[in-house]
Novice: 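Here it is: the structure, laid out below.
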There are 2 protein chains.
Amino acid sequence: MTTLGYALLALLARQESSGYDLAQRLKRPIGFFWTAHSSHIYSELARLEEGGFITPQVVAQPTRPAKRLFSVTESGLAALRTWVTTPIEPSPPRDELVLKAYAIWLADPAQAIALFRQQEELHTARLAEYEHILARIEHEHGKQLDITLPDFGNYATLHAGVYAEQASVAWCRWMVEQLTNHSRQEAEQG
Amino acid sequence: MTTLGYALLALLARQESSGYDLAQRLKRPIGFFWTAHSSHIYSELARLEEGGFITPQVVAQPTRPAKRLFSVTESGLAALRTWVTTPIEPSPPRDELVLKAYAIWLADPAQAIALFRQQEELHTARLAEYEHILARIEHEHGKQLDITLPDFGNYATLHAGVYAEQASVAWCRWMVEQLTNHSRQEAEQG
DNA sequence: ACTGCCATGTAAAACGTTACATGATTCT
DNA sequence: AGAATCATGTAACGTTTTACATGGCAGT
């Protein structure tokens, strides 16, 4: 089982869906921390079906092409429940921006500042988006959700996003500060 | 050019190295945010050499097998300098723990608490490690490093790590709090 | 004697992205 | 008329991991 497989099971455990539906539903909020292309989704669905984790139900539609609605089997739900609390084996980190920071001493300071300002704006925008959705959830449910409801899942992931984006914004600001301080000192001395 | 290619160029720009050296040097601090297996490193080195970004110099050793020390060419350094400040195209996010949180409503609360406590410990340990290295750097250089020195690259990446780990720890604590509050309420009512 | 380090790669498999292919319907 | 949506996949490509292959030296 791949992680995408579990992501699809998690979606199907909430509601039966077609491959197309899943591609849509994967965008928000899962898309904030896990993404997949539709071609990948379809091949993964085939594997899940082959493994007996999901079953299709063909639904004919009058005006639209027929679709295959998938639902989670008992075996699929059991696999999902097991996976959810299984400790994570650390996966290889990938952060290109930090890699650039590692080599930033080679760069022109002005260009470096531009890079981190742009990144700061990007993360600030994301932060605002997450907080907006979070506010909607809290407006509906309050700040203490029932953890056995699917909406708690959304609430939890959005909190993760808020913490992560706040950290990114803070780091970008720190970088800009370091780079501008240095440039100012250069100017004063030169 | 792949991102690993730039990572290797960034290392070689600091000091010429063999493939084996690079595998070692990649561990810290780059390994905190980008990793690669040695086989991957060797194939990437071959591509960089073919592209004229690096040149090897064979060094015979009396007791050890001969090694090929690579250094960055002018073309390689130019490519690296360009890449460093080029805006990042967003890469697909991958965070399995957040995915689990999305499906946590299906889990046994006690097991869920155990998962997030374990993750909190892991991130706390990493945070301590980063802060320790950071303290060493600040002891040597102070808190305002010259941004044109390679050490500023290390300083910057470690700061990124500190911000990110602090955010992870905070989120894990928030999750544990949510899950334990709920369990307590259950107990009071039941 | 055995483990770990130094040193370099090849080959196969798994994973993920991009491009391609098809075709009707609904909205602007 | 054209763009977007609904709907499902195949094929090719590139990247990354895992396994394999080799072999001497140094430390316990």
Side-chain angles (χ1 to χ4, degrees), chain A residues 1-8 11-12 15-28 30-31 33-51 54-70 89-96 99, chain B residues 1-8 11-12 16-28 30-31 33-51 54 56-70 89-96 99:
Chain A
M1 279 285 288
T2 64
T3 308
L4 177 59
Y6 289 111
L8 297 178
L11 284 169
L12 293 174
Q15 182 172 4
E16 58 173 16
S17 305
S18 67
Y20 187 85
D21 294 337
L22 287 169
Q24 306 303 310
R25 296 183 55 205
L26 203 59
K27 284 178 191 164
R28 208 154 21 93
I30 291 189
F33 51 89
W34 204 275
T35 57
H37 292 251
S38 72
S39 56
H40 198 187
I41 293 170
Y42 283 108
S43 61
E44 192 62 42
L45 282 174
R47 280 169 62 177
L48 288 172
E49 189 184 348
E50 200 183 357
I54 58 177
T55 40
Q57 190 191 347
V58 177
V59 176
Q61 296 179 115
T63 65
R64 293 285 180 194
K67 58 178 165 183
R68 304 210 302 150
L69 280 181
F70 290 97
E89 23 197 299
S91 65
R94 305 272 131 154
D95 194 327
E96 195 175 352
L99 189 57
Chain B
M1 277 285 287
T2 64
T3 308
L4 177 60
Y6 290 111
L8 298 178
L11 283 169
L12 293 174
E16 58 173 19
S17 304
S18 67
Y20 186 86
D21 294 336
L22 288 169
Q24 307 302 311
R25 295 183 56 206
L26 204 59
K27 283 178 190 163
R28 208 153 24 92
I30 290 190
F33 50 89
W34 204 275
T35 57
H37 292 252
S38 72
S39 56
H40 197 188
I41 293 169
Y42 284 107
S43 60
E44 193 61 42
L45 282 174
R47 281 168 62 176
L48 288 172
E49 188 183 349
E50 199 183 358
I54 59 176
Q57 188 191 349
V58 178
V59 176
Q61 297 178 112
T63 64
R64 295 284 180 191
K67 57 178 164 182
R68 304 210 302 148
L69 279 181
F70 290 97
E89 22 198 300
S91 65
R94 305 271 133 159
D95 193 327
E96 194 174 353
L99 190 56

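What you see below is based on every heavy atom in this structure, not just the backbone, and it leaves out hydrogens, waters and symmetry mates. Computed from a predicted structure; not experimentally measured. Naming convention: chains lettered A, B, ... in sequence-line order (proteins, then strands); numbering from 1 in each chain.
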Novice: Please state whether the phosphate of C:dT8, meaning OP1 or OP2, lies under 4.0 angstrom from any side-chain nitrogen or oxygen of B:Tyr20.
Specialist: no
Novice: Whole angstrom is fine here: how far is it from CD in B:Glu89 over to C1' in C:dT18?
Specialist: 14 Å
Novice: Strictly below 4.0 Å, N to O, side chains only: are B:Arg68 and B:Glu49 in salt-bridge contact?
Specialist: yes
Novice: Looking only at heavy atoms, what is the nearest atom pair of B:Leu45 and B:Phe70, with distance?
Specialist: CD1-CE1, 3.8 Å
Novice: I need the CZ-C1' distance between B:Arg25 and C:dC6, as an integer number of Å.
Specialist: 17 Å
Novice: Taking the nucleotide of DNA chain C with the nearest heavy atom to each, does B:Ala66 or B:Pro92 sit closer to the 5' end?
Specialist: B:Ala66
Novice: Under 4.0 Å between a side-chain N/O of A:Gln61 and OP1 or OP2 of D:dC6, yes or no?
Specialist: no
Novice: State whether the distance check finds a donor on one side and an acceptor on the other, under 3.5 Å, for side chain A:Ser39 versus base C:dT18.
Specialist: yes
Novice: What nucleic acid atoms does A:Ser43 come within less than 4.0 Å of, heavy atoms only: base, sugar-phosphate, or nothing?
Specialist: nothing
Novice: Using the closest heavy atom to pick a nucleotide of DNA chain D for each, name whichever of B:His37 or A:Phe70 lands nearer the 5' end.
Specialist: A:Phe70
Novice: Does some side-chain heavy atom of A:Arg94 sit less than 4.5 Å from a side-chain heavy atom of B:Phe33?
Specialist: no
Novice: In whole Å, what is the span from the CG atom of A:Leu8 to the P atom of C:dC15?
Specialist: 14 Å
Novice: Please report, rounded to the nearest Å, how far the C1' atom of D:dT16 is from the CD atom of B:Glu44.
Specialist: 11 Å
Novice: OP1 or OP2 of C:dC6 less than 4.0 angstrom from a side-chain nitrogen or oxygen of B:Arg68, does that happen here?
Specialist: no
Novice: If you pin B:Gly19 and B:Arg94 to their nearest nucleotides in DNA chain C, which one's is more 5'?
Specialist: B:Gly19
Novice: Find the distance B:His40:NE2 to C:dG9:P and express it as a whole number of Å.
Specialist: 15 Å
Novice: Using the side-chain heavy atoms of B:Ser18, tell me which of these nucleotides is nearest: C:dT8, D:dT8, D:dT16.
Specialist: C:dT8
Novice: In whole Å, what is the span from the CG atom of A:Leu69 to the C1' atom of D:dA7?
Specialist: 12 Å
Novice: Whole angstroms only, please: what is the CG-P distance between B:Leu26 and D:dT16?
Specialist: 12 Å
Novice: Check the distance between D:dT16's C1' and B:Trp34's CH2 and give it to me in whole angstrom.
Specialist: 11 Å
Novice: So, do A:Trp34 and B:Asp95 sit near enough that their side-chain heavy atoms are less than 4.5 Å apart?
Specialist: no
Novice: Which nucleotide, C:dA7, D:dT8, C:dC15, lies nearest any side-chain atom of B:Arg64?
Specialist: C:dA7
Novice: Just verifying a value: how many Å separate A:Ser17 OG and A:Arg25 CZ, rounded to the nearest 0.5 Å?
Specialist: 4.0 Å
